[in-house]
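Structure record follows, encoded as structure tokens.
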Amino acid sequence: MPAQPSVRTTDGMLEGRWRQGHAVFRGIPYARPPVGALRFAAPVPPRPWEGTRPAAEFGPAAPQSGPVRTDPGEGTDWLTLNVSTPDPGAAGLPVLVWIHGGAYIAGASSDPMYDPAVLTGAGLVVVSINYRIGAEGFALLEGAPANRGFLDQIAALQWVQRNIASFGGDPGRVTVAGQSAGAGSIAALLTMEPSRGLFRRAVAHSVPGNYCTPALAGQVAAALADRLGTAPTAAALAGVEPRRLAGELTSLSAGLSGHRPRWGRLARTGVAICPVVDGEVLPETPWPALTGGRAGGAELLVGHTRDEFRLFSVLSGRLGSFTEEDARTALDLFAPAPDGAEAYRAAHPQATPEELLEAVYSDALFRMPSLQLAEANAAAGGTSFVFDLQLPSPAFGGALGACHSLDVPLAFGTPDSPAGRGLLGNRPGPEAVAVSRELQQAWVRFVTTGDAGWPAYRPDQRLTRVLDTESRTVPYPEEASRRIWEGRPPAPFDLVQPAGSR
């Protein structure tokens, strides 16, 4: 039996496992456990170790919040990453660093949907990371840096720069990739000063527009702390057990409707915490940073699904029951002011209330932030490749459509994972297999060469790859939505000002 693969990092020796002909190393610390004196602090480099450290098991995830959670596992060593390499003795292989999604409150790199075997088999060194989420990573607390989850991601990318050559990877050919909250993280990393030079390319699927002002984030933190009978400070909350804090965030998010008069749009998202435009860690949202020339463009592959919001309609049990009042509320809150609601009704004169609601939620939460990131990146001198996944899922009798997250098992080639089966059904048809192959090839080609395989998006043509039963390259398909949102990038969620206030 061949010896298990071993690699020396800057912190010590690691022993991984051979898996499907690839060398896989799991649970590698890139920072010390953020507990005790390090709770709510910026990440601190790991302590070196003597001898050989086993790297066969995933590290535990940060405590999870919300209705859809990953089993975090045992322990507090939340800041770990995993490396899958075709050949640890190679040199100069392209590197993909995956940042998981989960609404900034859930998710883990250990999810089988993110199994890197297919991508590693195509020649990529694949790194996946855990980072602090929920209140641990994003609550705005006195005495703690904001957006600690982003700081964790930067620490992981710094580890990659120091160590990935030992796994056969090229530190000069690193691509960061993510979906949903992971894509929101990518958008932030594109514009944050400390992340410059840590990656060359970026892949962002379903970029969310969720950011908070400090005023709103402060009120959310105060409400969370009040539920625990303490103050919204790092020192006070350090005495609260992490899983209890995560549980209280779940309860606060479930009751957001009661905060709608003051918390406005945030209260409609179902998630109380998101990244904060704090002026230091995150000086501004990504779109104006790029279009205003305060961040340089990159090579970017970005896209969304056609029916982004459908997943949430189905999971909430509301599909088929949305009313005219629901549509009016959605348009008033999420269509761009001052005339967005009227523009949606004019663009979709035959739409049902449910179709209007799904259109504005899909646009506001994912589709337009994704498209506008492509446009802003191009304006900043970068190259953007855009896709729109339109292939409908056969699961739930076709109710999901081309929903949020459908692209993830297609890109990783993991339709047999639990989440993959939930999104694609037990037996994906030949159309899904073909789209999966095309998306994988686009990823591998882009990570390797910077070219996704179709023309780049330019303002004069807006060419987009539509992934469907018969894929095609056409002008951007959601033209009505693009026009409604033109020049109106996502604004941070803010407090609702009472009538008569100034």
Side-chain angles (χ1 to χ4, degrees), residues 96-104 107 129 131 133 137-138 146-154 156-157 174-213 269 271 273-279 281-305 308 362-387 404-405 407-408 446 457 485 488-493:
L96 177 77
V97 179
W98 177 253
I99 301 176
H100 70 76
Y104 300 107
I129 71 171
Y131 57 98
I133 51 181
F138 292 99
N147 301 307
R148 297 170 295 281
F150 289 161
L151 297 179
D152 294 344
Q153 295 166 10
I154 290 170
L157 290 169
V174 173
T175 298
V176 289
Q179 181 263 352
S180 199
S185 300
I186 301 302
L189 291 170
L190 282 170
T191 63
M192 294 168 67
E193 182 70 33
S195 67
R196 292 186 183 173
L198 297 180
F199 58 91
R200 181 173 176 179
R201 302 179 178 118
V203 177
H205 287 212
S206 300
V207 181
N210 296 21
Y211 295 89
C212 267
T213 65
T269 66
V271 180
I273 279 181
C274 61
V276 186
V277 184
D278 66 302
V281 175
L282 187 66
E284 58 184 328
T285 56
W287 302 273
L290 286 164
T291 55
R294 291 176 292 281
E299 293 170 330
L300 174 67
L301 171 58
V302 61
H304 56 68
T305 70
E308 287 279 2
S362 293
D363 284 343
L365 297 179
F366 299 110
R367 293 197 306 195
M368 293 305 103
S370 300
L371 177 69
Q372 291 178 333
L373 186 68
E375 294 176 334
N377 180 65
T383 303
S384 301
F385 298 91
V386 177
F387 73 85
H404 187 70
S405 297
D407 46 327
V408 180
F446 178 77
Y457 184 99
W485 287 86
R488 296 162 164 176
F493 298 142

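All residue numbers in this chain count up from 1 along the given sequence.
At a threshold of 4.5 Å between non-hydrogen side-chain atoms, the residues I273 and Y104 do not count as touching. The closest side-chain heavy-atom distance from L189 to I154 is below 4.5 Å. Between V408 and H205 the shortest side-chain heavy-atom distance does not fall below 4.5 Å.
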query: Going through the checks in order, is the side chain to side chain contact (heavy atoms under 4.5 Å, CB included) test met by V203 and W98?
result: CA-CA 9 Å; V203 177; W98 177 253; over 6 Å; no
- request: Using the side chain to side chain contact (heavy atoms under 4.5 Å, CB included) rule, take W485 and D363 through it: C-alpha gap first, then chi angles, then the decisive distance, then the call.
  value: CA-CA 9 Å; W485 287 86; D363 284 343; 3.8 Å; yes
query: Going through the checks in order, is the side chain to side chain contact (heavy atoms under 4.5 Å, CB included) test met by M192 and V281?
result: CA-CA 7 Å; M192 294 168 67; V281 175; 3.8 Å; yes
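For E375 and S384, the side-chain atoms include no donor-acceptor pair closer than 3.5 Å.
The closest donor-acceptor contact from the side chain of Y211 to the backbone of G184 lies under 3.5 Å. With D278 contributing its side chain and L282 its backbone, the two residues share a donor-acceptor pair below 3.5 Å. At distances below 3.5 Å, at least one donor-acceptor pair connects side-chain atoms of S370 with backbone N or O atoms of V207.
Between Y131 and H100, the two ring planes are parallel [angle under 30°; tilted spans 30° to 60°].
Counting all heavy atoms, side chain and backbone alike, P490 lies closest to T285 at O-OG1, 4.4 Å. Scanning all heavy atoms of the two residues, the minimum distance from A295 to A380 falls at O-CB, 3.6 Å.
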